[in-house]
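Because the structure is predicted, anything quoted here is derived from the model rather than measured. So you know, we letter chains A, B, ... as the sequences are listed, proteins then strands, and number each from 1.
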Amino acid sequence: MRWSKTFIPTMKENPSDAEIPSHQLMLRAGLIRQLMAGAYTYLPLGWRSVRKAEAIVRDEMDRAGAIELFMPALQPIDLFEKTGRKEAFGKVLINFQVQRGDRLVHLALGPTHEEVVTDLIGRHLNSYRQLPICVYQIQTKFRNEERPRFGVLRTSEFLMKDAYSFGTSLEQLNEVYDRMYHAYCRIFARCGLKYLPVEAESGPIGGDASHEFMVPANNGEDRIVHCPACSYAANLERAETGRKPAVIQTSPTAAALAKVSTPGAASIEQVSRMLKCPPAQLIKTLIYLADGRAMAVLIRGDHEANEAKVRRALNAGTLELADEKMVRQVTNAPVGFAGPVGIKCPILADHDVAGIVDAVTGANEADTHLTGVNAGRDYEVETTYDLRMAQSQDPCPRCQGTLDLVHGIEVGHVFKLGTKYSVALGAEFLDEKEQRHPMIMGCYGIGINRIVASLAETSFDENGLIWPLAIAPYEVLVIPLNVSEPETMAVAERFYAELQQAGVDVLLDDRDARAGFKFKDADLIGIPLRIVIGGKGLKEGHVELRWRWDAAATKIPVDAAIATVKTMLAQRKAQEAEKVPA
RNA sequence: CGGGGCGUAGCUCAGCUUGGCUAGAGCGUCUGGUUUGGGACCAGAAGGCCGCAGGUUCAAAUCCUGUCGCCCCGACCA
């Protein structure tokens with residue numbers, strides 16, 4: 001492509017409403033333009049990168065045995081009512097009524113396609129002989145994001161690869177799941193991303209039923225813990241810690257229990273300020289309803305409870321914070337003054353709670369707290385549990401290492417669904433014994449735009465983007481220094497034609513602009529290999545080749561240049577391919 | 001949905017506090033010339049419903065009310 005014939009609106013200055021690198025660079029490099037909050041146009045350069053990511057995803061899905069199809073974004077609302085997801089999605093589901101003849105049709109724009117695909121497969125596949133099957137599509141999804149942000153990272157309309165597997169058994173599910181997991185590793189590696197598969201909340205099936213694929217990035221919205229020693233990784237909701245149950249014994253130096261008046265101080269922060277003690281000295285007493293029964297959960301004041309862990313520790317089906325009435329019932333006090341001493345419900349304590357000497361807790365009495373509270377003496381717990389969110393520096397649950405807390409961008413998710421949708425929509429099969437069973441499903445998503453955005457977010461320098469060969473809009477950029485010099489242009493045109501013939505994605509900067517100007521643009525849009533033609537170099541018979549990530553260019557004789565470029569590209573591709581798991 | 005910020009030229013922003021002549025600058029664009037290896041220089045030009053609506057006033061980019069949009073923090077995110 002000739003630069004003068006395409007559309008690459010680069011910008012020297014940062015638009016004021018872009019704050020994170022990927023957003024700024026994608027705008028400045030002419031990859032995207034915003035239409036409204038949460039909706040972006042992909043300009044020619046950006047779209048080429050998206051298409052390359054899409055091609056890699058498609059290639060690997062096919063390789064993993066998934067079958068491509070294409071479902072409508074328009075869906076009847078009834079399907080979402082049948083699965084209960086109209087309520088579950090709430091306002092996120094874009095849906096509306098349209099007039100059709102004399103009636104109204106209620107439609108939704110697909111936020112994902114479990115309903116449609118389950119309905120489809122359930123209608124047409126009925127026998128265990130036809131299973132397992134895994135289908136996928138690459139398609140625009142719609143979600144009315146409450147708060148779109150970070151440029152293209154969180155939008156209301158986005159390109160997603162979504163795959164769905166249907167099988168007759170958990171074994172079949174696990175087999176597809178593993179294949180998808182492996183395909184995902186290959187996809188992200190081929191895209192040149194540094195990625196981390198992390199354990200995620202797994203819903204009804206339990207176990208290792210869900211993994212998110214994360215790209216570590218400072219501006220990522222998700223938080224993940226990661227052990228550099230053993231590569232354990234999990235998202236924050238899921239992350240275990242390697243802390244051990246505390247030995248419950250009262251310190252010999254323990255102070256006496258004392259009541260203090262704390263009028264109006266109902267939060268950790270208020271109490272800590274009023275009593276001039278650090279939050280870590282306080283015990284947060286949260287009253288939960290576990291399957292309808294009240295339960296006091298003790299967490300150190302500076303920590304955050306993890307409800308999923310509490311639910312697992314209790315083996316409870318449902319867990320919710322108790323309302324004010326229930327809190328009054330078990331504590332005889334308004335919300336904010338609960339404590340373990342004398343409380344009228346069972347107690348569940350986090351590991352870090354029992355070791356606090358002379359803790360401060362609510363006194364189960366309005367406007368009053370207790371000091372000198374010690375486990376074993378003032379309240380009883382048999383053992384302690386891992387009930388809080390993991391933190392940086394926590395011990396690793398799998399090895400002797402310590403955990404890091406990093407931010408990440410979720411680019412993919414594999415999930416064992418089970419039978420939730422097949423039961424709701426009647427997708428059943430007959431087994432060998434002519435018995436009817438719901439199909440066992442898995443779903444597997446990849447945010448295509450996020451692949452491109454997370455590269456932009458993690459691969460750049462002060463001059464602009466740095467694309468890996470696999471996702472770069474063009475592989476090679478040919479820059480004639482001076483387009484009005486016939487000798488220069490003759491070489492540039494020849495290179496351009498020969499590279500095109502060789503199947504190389506090449507962009508020719510044929511603009512009549514100064515060299516420095518072209519160099520700045522070249523660095524900004526980040527094409528991996530740059531060929532500079534003209535000036536003294538050409539008179540001496542050579543051109544310059546430079547990788548975007550290298551500091552200096554190499555001089556190559558004009559006649560050897562094309563062969564060298566081909567070799568360099570081949571070598572680089574081989575290098576990038578080395579990182580892809582077999 | 002709670003909190004905060006911002007809407008003036010394609011982009012970045014000044015002007016608004018304390019109302020007053022024809023609304024400014026830099027970058028970009030166009031024309032001509034000089035230049036030509038890291039976003040050049042000179043001369044000239046075009047480009048504005050000062051987000052929108054209403055109000056106050058002799059007079060509004062500026063003050064008031066409403067509204068729309070965008071950004072950020074938080075809540076939310078199968």
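The partner of B:G28 is absent, by the rule that a Watson-Crick or G-U pair needs both atom distances under 3.5 Å. Within the shown strands, nothing qualifies as a pairing partner of B:C21 under the Watson-Crick or G-U definition with both distances less than 3.5 Å. If you check B:A40 for Watson-Crick or wobble pairing at under 3.5 angstrom, you find it paired to B:U34. With a cut-off of 3.5 Å on both Watson-Crick or G-U wobble distances, the partner of B:G66 is given as B:C52. Across all strands shown, B:U57 has no partner, as no Watson-Crick or G-U wobble contact with both distances under 3.5 Å is found.
One can place CG of A:Asn219 at 14 Å from C1' of B:C73, the figure rounded to the nearest angstrom. The distance from atom CD of A:Glu19 to atom C1' of B:G5 is 10 Å, rounded to the nearest whole Å. Taking atom OH on A:Tyr40 and atom P on B:C70, their separation rounds to 10 Å, with Å as the unit. If you measure from atom CD of A:Glu221 to atom P of B:C72, you get 10 Å, rounded to the nearest angstrom. Between the CG atom of A:Asp512 and the P atom of B:A40 there is a distance of 13 Å, given to the nearest Å. Atom CG of A:Leu109 is separated from atom P of B:A78 by 19 Å (rounded to the nearest Å). A straight line from CZ of A:Arg511 to C1' of B:G39 spans 10 Å, rounded to a whole angstrom. One can place OH of A:Tyr444 at 18 Å from P of B:A78, the figure rounded to the nearest angstrom.
B:A14 and B:C50 have their C1' atoms separated by 13 Å, given to the nearest Å. Comparing the C1' positions of B:C16 and B:U62 gives an interatomic distance of 4 Å, to the nearest angstrom. B:A45 and B:A53 have their C1' atoms separated by 35 Å, with the value rounded to a whole Å. The gap from the P atom of B:A40 to that of B:G54 amounts to 46 Å, rounded to the nearest Å. B:U17 and B:C11 have their C1' atoms separated by 28 Å, given to the nearest Å. Taking atom C1' on both nucleotides, B:U8 is separated from B:G44 by 25 Å, rounded to a whole Å. One P atom belongs to B:G38, the other to B:G74, and the distance between them is 43 Å to the nearest Å. Taking atom C1' on both nucleotides, B:A59 is separated from B:G39 by 44 Å, rounded to a whole Å.
Under the 30°/60° scheme for interplanar angles, the aromatic rings of A:Phe80 and A:Phe89 are found to stand perpendicular. Ring orientation note: the planes of A:Tyr40 and A:His23 are nearly perpendicular, at an angle over 60° on the 30°/60° scale. Ring pair A:His211/A:Tyr177 is tilted by interplanar angle, where 30° to 60° counts as tilted.
Sorted by first then second residue, the ring-ring contact (aromatic ring centres under 6.0 Å, His included) pairs that include residues 513-542 of chain A, not counting sequence neighbours, number zero.
Judged by distance alone, the side chains of A:Gln270 and A:Ser267 do bring a donor and an acceptor atom under 3.5 Å apart. Side-chain contact annotation: A:Thr10 with A:Asp521, donor-acceptor N/O pair under 3.5 Å present. Checked by atom type, the side-chain pair A:His437/A:Thr168 shows no donor-acceptor distance below 3.5 Å. Counted by atom type alone, A:Ser156 and A:Glu145 present zero donor-acceptor pairs between their side chains at under 3.5 Å.
Shown here for A:His113 and A:Tyr164, the closest heavy-atom pair between the two residues is N-OH, 2.8 Å.
Under 4.0 Å is where a charged nitrogen must lie from a carboxylate oxygen, and between A:Lys5 and A:Asp510 no such pair does.
Picking from B:C70, B:G37, B:A78 the nucleotide with the shortest atom distance to the side chain of A:Met160 gives B:A78. Comparing atom distances between the A:Arg28 side chain and each of B:G39, B:G37, B:C71 picks out B:G39 as nearest.
Contacts between residues 140-150 of chain A and RNA chain B, defined by a heavy-atom separation below 4.0 Å, involve A:Arg143, A:Glu146, A:Arg147, A:Arg149, A:Phe150, listed by number. Contacts between residues 81-94 of chain A and RNA chain B, counted as heavy-atom distances below 4.0 Å, involve A:Arg85, A:Phe89.
Both A:Leu524 and A:Pro111 sit near RNA chain B, but only A:Leu524 has its closest nucleotide nearer the 5' end. Taking the nucleotide of RNA chain B with the nearest heavy atom to each of A:Arg514 and A:Asn463, the more 5' of the two is matched to A:Arg514.
Between atom OG of residue A:Ser49 and atom OH of residue A:Tyr42 there is a gap of 10.0 Å, rounded to the nearest 0.5 Å.
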Which pairs of donor and acceptor atoms, one on a side chain in residues 553-561 of chain A, lie under 3.5 Å apart (sequence neighbours left out)?
none

One pair to check against side chain to side chain contact (heavy atoms under 4.5 Å, CB included): A:Lys161 and A:Gln139. What are the steps and the verdict? CA-CA 6 Å; A:Lys161 185 284 300 177; A:Gln139 195 225 27; over 6 Å; no
Side chain to side chain contact (heavy atoms under 4.5 Å, CB included) assessment of A:Arg388 paired with A:Asn306: CA-CA 5 Å; A:Arg388 66 160 167 84; A:Asn306 180 323; 5.6 Å; no
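Between the side chain of A:Asn482 and the base of B:G37 there is no donor-acceptor pair of N/O atoms closer than 3.5 Å.
The main-chain N or O of A:Ala316 is never found under 3.5 Å from a side-chain atom of A:Arg311 such that the two would form a donor-acceptor pair.
A ring-centre distance under 6.0 Å is not found for A:Tyr444 and A:Tyr136.
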Measure all distances between protein nitrogen or oxygen atoms and nitrogen or oxygen atoms of nucleotides 41-47 of chain B, and list the pairs falling under 3.5 Å.
none

Which pairs, protein N/O on one side and nucleotides 11-13 of chain B N/O on the other, fall under 3.5 Å?
{"from": "B:C11", "atom 1": "O2", "to": "A:Glu13", "atom 2": "OE1", "distance (Å)": "3.2"}
{"from": "B:U12", "atom 1": "OP1", "to": "A:Ser16", "atom 2": "N", "distance (Å)": "2.5"}
{"from": "B:U12", "atom 1": "OP1", "to": "A:Ser16", "atom 2": "OG", "distance (Å)": "3.3"}
{"from": "B:C13", "atom 1": "OP2", "to": "A:Ser16", "atom 2": "OG", "distance (Å)": "3.3"}

